[in-house]
Amino acid sequence: MLNPNVVVCRLRKLQLLVHYCPILKPKTNSNSVPSFCFGSASKSTNLYSLNKKISHLVRTGRLSEARGVFDNMKHRNTVSWNSMISGYVKRGEMGNARKLFDEMPERDTVSWNLMISGYISCRGKGYIEEGRNLFDKMPERDCVSWNTMISGYAKNGRMDEALRIFNSMRERNVVSWNAMVTGFLRNGDVARAIEYFERMPERDAASLSAFVSGLIQNDELDKAARVLLEFGYKDEGREDLVHAYNTLIAGYGQRGRVGEARHLFDQIPFYGDRGKKGSGRFKRNVVSWNSMIMCYVKAEDIASAREIFDQMTERDIISWNTMISGYVHSSNLEEASNLFGKMPNPDTLSWNTMVSGFAEIGSLEHANDFFRRMPQKNLVSWNSMIAGYEKNENYKGAIKLFTQMLLAGEKPDRHTLSSVLSVSTGLVDLHLGMQIHQLVAKTVIPDVPINNSLITMYSRCGAINEARTIFDEMKLWKDVISWNAMIGGYASHGFFEEALELFKLMRRLNVRPTYITFISVLNACANAGLVEEGRKQFKSMSSEYGIEPRVEHFATLVDIVGRHGQLEEAMDLINSMPCEPDAAVWGALLGACRVHHNVELARVAAEALMRLEPESSAPYVLLYNMYADAGQWDNAAEVRMMMENNNIRKQPGYSWVDSSHN
DNA sequence: GTAGGGTTAG
């Protein structure tokens, strides 16, 4: 067993570790530079190839290696500095970028633009202002600088500022217009996006695909389709017009409209033929095929997905990964493994798909095997494996891996933290949960799901006031899960009035309850002995909200009315059930019969239980005791005989029986 | 090496 105190102690240390050194110091690698001498003839070629090397390393995310090369260069030009700066900018390490920018001997337009872009695209205090500051100070601004400002403001939701920049530009190019259209769409202003799209003096393929993609993000799928039909031919034909079509195919797929996606996919060759001589020529590319696979995968039509996949003459890594994920999502890990074995160069994403696939179906050994063997892990790899342990209730494994992850220098994100919060909930370990809560506060901006996990954790651990604090702090940013977690927390900890009070508030605020809400509400009624209220809530479920009661709701209502002595009503309820009553339902009835000494009905309930759970001794024992209490010794003896005949041994504890009789 | 657009994993 894992000692919780040890875990807490270890976590506290690791927390400090994460807090004080979130990112490993860049390793400088002097061996990565060839040690031949730099003659004047080879100087420029060396400079060129080293610059290329830096940009390659930066592109592949190997920033510390790039820095190593950079530091060891004898001669650098502006491109060397700019490449290095771009690496830091891409990672959002503006401090490091700024240091280089300040140190570099000569800055060109690209250097300034890089810094401006880094600052203004960063969500963070003061960054946008600093970007603006540099923009204002910049000696010779080019079109890229202006466009950077537009898209930066747009990314941060400040379309008013973006517009001001746009309006003060003397010369705009197509990118300026595209950035405005994209900005409006990103901020949900479809009307103005349309206006600007129509006002554009010229449009290129990017204008069209950006517009289409933005419309789709705003759930304007049909508008997007119309735009494509209207402008798709007319516009100067560029091969990359297919981008826009690919977007729409994927958009259809995302919303389950596979038929339309397929239609568009099939039409592309015809669109391409329209302007056969000269313009308007484009054809399906690998992304079109991949998107089509994805559509079928989303629609859980794996056979069709495979058909597309098999028809492809050229596949890229995304084709393979999408197809594999299709098999993973349909729990066909055999075929997924088969494809994984066949694919040319599986990348981290491929490995992650396999890890999460096996974890999802509960094969932790296989998941772990893939996880251990993968050549390169990323945050998703760790998260998938940790989530796998958590979902399969291997909490010890989850915590162990989480610890290893922190030790490996990987910084947890909301996915990690949400998993380990669930671990705390599963272990009902308040101390662990509080530690994770602190980590949450330091690491992420809490969103609704994370707050919900916190509410669940605190309420499950009995810290109902802490749960309520989080709940109240969420203000308007609650969803139905938040309400369910809080109401459920109250109901399961004996705060029935609070549970029902909160439920009333929820209804007043027009939050639609779910079947889970009603389980808690009925539970509260049951435990508070509120018979009439219970009946009323049960009825309102279907009459007011159209939620058909499930077996859990019936079980609770049977418990409510049964315990109140309304055994006939309880039996009628069972007979009226649209689904098969389960052990919980019959158990509730049996418990009620015991309290109210109704041996006849008890026998019915007990026999049903014997059928449903042939191994369990509980119904026999209960029935025996009831007959004995009633002095019906013949019947009691009969039950004992049945027990012996069926080879049932008495075992302690029956969870479904009324707790007061346990 | 800098500005706008398409497909895959938790």
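By convention in this document, chain letters (A, B, ...) are assigned in the order of the sequence lines, proteins followed by strands, and residues within each chain are numbered from 1.
A/R186 has a side-chain polar atom (N or O) that falls below the 4.0 Å cut-off from OP1 or OP2 of B/dG5. Distances shown here put every side-chain N or O of A/K155 at or beyond 4.0 Å from the OP1 or OP2 atom of B/dA3. Regarding contacts with the backbone of B/dG6, a side-chain N or O of A/S213 is found under 4.0 angstrom from either OP1 or OP2.
Note: OH (A/Y153) to P (B/dA3) measures 17 Å, nearest angstrom. Note: CE (A/M159) to P (B/dG4) measures 13 Å, nearest angstrom. Note: CD1 (A/I293) to C1' (B/dG6) measures 15 Å, nearest angstrom. Between the P atom of B/dT7 and the CD1 atom of A/I308 lies a distance of 17 Å, rounded to the nearest Å. Distance CD (A/Q254) to P (B/dT8): 7 Å, rounded to an integer number of Å. Going from atom CH2 of A/W351 over to atom C1' of B/dT8 covers 17 Å, rounded to whole Å. For the pair A/F184 CZ and B/dG4 C1', the computed distance is 14 Å after rounding to whole Å. In this structure, A/M312 atom CE and B/dT7 atom P are separated by 15 Å, rounded to whole Å.
The side chain of A/V175 lies closest to B/dG4, out of B/dG5, B/dG4, B/dT7. The side chain of A/M294 sits closest to B/dT8 out of B/dT8, B/dG6, B/dG5. Checked against B/dT2, B/dA3, B/dA9, the side chain of A/L349 finds its nearest nucleotide in B/dA9. Across B/dT2, B/dG4, B/dA9, the shortest atom-to-atom separation from the side chain of A/S325 is found for B/dA9. The side chain of A/N113 sits closest to B/dT2 out of B/dG4, B/dT2, B/dT7. In this structure, of B/dG4, B/dG6, B/dA9, it is B/dA9 that holds the atom nearest to the side chain of A/T353. For A/I318, the listed nucleotide lying nearest its side chain is B/dT8; candidates were B/dA9, B/dT8, B/dG5.
Counting atom types as modelled, A/N378 pairs a side-chain N or O with a base atom of B/dA9 as donor and acceptor under 3.5 Å. In this model, no side-chain donor or acceptor of A/D204 finds a partner on the base of B/dG5 within 3.5 Å. A donor N or O paired with an acceptor N or O is found under 3.5 Å between the base of B/dG6 and the side-chain atoms of A/N285.
When heavy atoms are screened at a 4.0 angstrom cut-off, A/A250 is found touching the sugar-phosphate backbone but no base atom. A/H329 comes within 4.0 angstrom of the backbone, heavy atoms only, and of no base. Looking at heavy-atom distances under 4.0 Å, A/K298 makes no contact with the nucleic acid at all. Contact annotation for A/S209: base contact, defined as any heavy-atom pair under 4.0 Å involving a base atom. Among the atoms of the strands shown, only primed sugar atoms or phosphate atoms (P, OP1, OP2) are found under 4.0 Å from some heavy atom of A/R59. The residue A/D347 sits apart from the nucleic acid: no heavy atom pair falls under 4.0 Å. Here A/R414 lies out of heavy-atom contact (under 4.0 Å) with every strand. Here A/D108 lies in heavy-atom contact (under 4.0 Å) with a base.
Under the 4.0 Å criterion applied to side-chain N and carboxylate O atoms, A/E195 and A/R199 are assigned as salt-bridge partners.
In the model, A/D347 has a side-chain atom that pairs as donor or acceptor with a side-chain atom of A/N321 under 3.5 Å.
The shortest side-chain heavy-atom distance between A/D301 and A/V258 does not fall under the 4.5 Å cut-off.
In this structure, A/R373 satisfies the cation-pi test against A/F370, with its NZ or CZ atom closer than 6.0 Å to the six-membered ring centre and inside 45 degrees of the ring normal.
Every residue two or more places apart in sequence or in another chain that forms a side chain to side chain contact (heavy atoms under 4.5 Å, CB included) with A/E335 is listed here: A/R306, A/Y327, A/N332, A/N338, A/L339.
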*For the pair A/F135 and A/W112, evaluate ring-ring contact (aromatic ring centres under 6.0 Å, His included) and give the outcome as yes or no after the intermediate values.*
CA-CA 8 Å; A/F135 176 76; A/W112 285 90; over 10 Å; no

For this session: Kindly indicate, with the supporting measurements, whether the criterion ring-ring contact (aromatic ring centres under 6.0 Å, His included) is fulfilled by A/F166 and A/W177.
Result: CA-CA 8 Å; A/F166 181 81; A/W177 286 91; 5.0 Å; yes

